[in-house]
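Take a look at the structure set out below.
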Amino acid sequence: MKSFASRMARLGTETAFEVLAQARALEAQGRDVVHLEIGEPDFDTPAHVTTAATEALRTGHTHYVPASGIRDLRAAIAEEVARTRGIPVAPEQVVVTPGGKPILFFSILALVNEGDEVIYPNPGFPIYESVIRFVGAQAVPLPLREERQFGVDVDELARLITPRTRMVILNSPANPTGGVLGEKQLRAIADLALRHDLWVLSDEIYSRILYDGSCPSITRFPGLPERTILLDGFSKTFAMTGWRLGYGVMNREVAQALERLMINSNSCTAAFTQVAGVQALRGDQEPVRRMVEEFRRRRDFVVDGLNRIPGVRCLKPQGAFYVFPNITGTGYASPELSKLLLHEAGVATLSGTAFGSFGEGFLRLSYAASMESLKKGLERIQGCLARATAGSRG
Ligand code: PLP
């Protein structure tokens, strides 16, 4: 029988989609499941954005457009990134892609050789490790520890850098921890990137979902914009996960390389979604503000609720819409507890290990779910753990 190309054995996946499928299978058998596994806002896309898309379809935005994105959207993104990050950005530095994910995939494909080393956050978005390994590079985990509020230990990062290190990946605010990298840490990381001539992939997809303080971008430090690929997009900020609209900002040469990868893969991002993207960036921002306020309310509720459950402790995340409670006090390993909660309590969560080996001892819960779901989910988790403890005692 014909076999797959060997690189396929190195390609990972996102467990969230697998857990969702298992939860749906249970629902098909009549079980009620509370979904706390999904990483997407439960809000509708703002109405003015949807209206712009339908209007674009009606007025003929139904054909191929330039591979890097339509001019208006690249200009709007350049303005937005220049304003929010405090750096000059030209439209030619912007590449629009179907979601933010292709920016991650293409950057690694374009900039990392086989045998290079790439340092990536662990626990972190699982696609980093997957794509690094897929291109034949070595994935070097940078542990994010609870005792450091899931920030980066810069001395540890410095020790991980070798002559083969090609790129370092940052994600702030972070999935799955909700942690935010502060100015001091970023400055030290920027110094290391300059000293060792590294590329930086700065995944800032949650940049607008921020509750306390500010979330600086590493691009604010001199010399960094030239070597950084800044990833952002519309999925999270504007509740547009299904639209597939994201972008990267990078130097012009890298932008041309990514354009070539777009030509070889997607041809372009859907035209009418890009027209709507201009509206999302330039139109009313009140829906975003309201969504983030609601996420803040839920964050506080979930963190308090989790901290009341014996054996569980949870830091208050500064951004994104996830909590990453420490569950070591329950006596369960993370994958085991996640399975128990799904099958015994009807609560879908993700094991911390779905985000790398340093995620052991944690679960990820998304609070992009209604207050009723969150309330029900917490009650069920508490009940399930109480029964399990009573059972082991009896
Ligand atoms: N980066 C991180 C950290 C994410 O959590 C996600 C989505 O879950 C993405 C990138 C990709 O988002 P999208 O491709 O939907 O824009």
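Along the sequence shown, residues are numbered consecutively beginning with 1. Each ligand, and each atom within it, is numbered from 1 in the order the structure gives.
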Main chain of Asp153, side chain of Glu156: is a donor-acceptor contact present, judged purely on distance under 3.5 Å? no
Could you tell me whether Arg24 and Glu27 make a salt bridge, using a distance below 4.0 angstrom between a side-chain N and a carboxylate O? yes
Residues Lys376, Glu379: salt bridge by 4.0 Å N-O rule: no
Cluster check Leu144, Ile218: I/L/V/M/F/W/Y, side chain < 4.5 angstrom: yes
What residues come within 4.0 Å of ligand 1, counting heavy atoms only? Gly99, Gly100, Lys101, Phe125, Tyr128, Asn171, Asn175, Asp203, Ile205, Tyr206, Ser235, Lys236, Arg244
Ring centers of Phe125, Phe355 separated by less than 6.0 Å: no
Using ring centroids (six-membered ring only for Trp), state whether Phe321 and Phe295 fall under 6.0 Å. yes
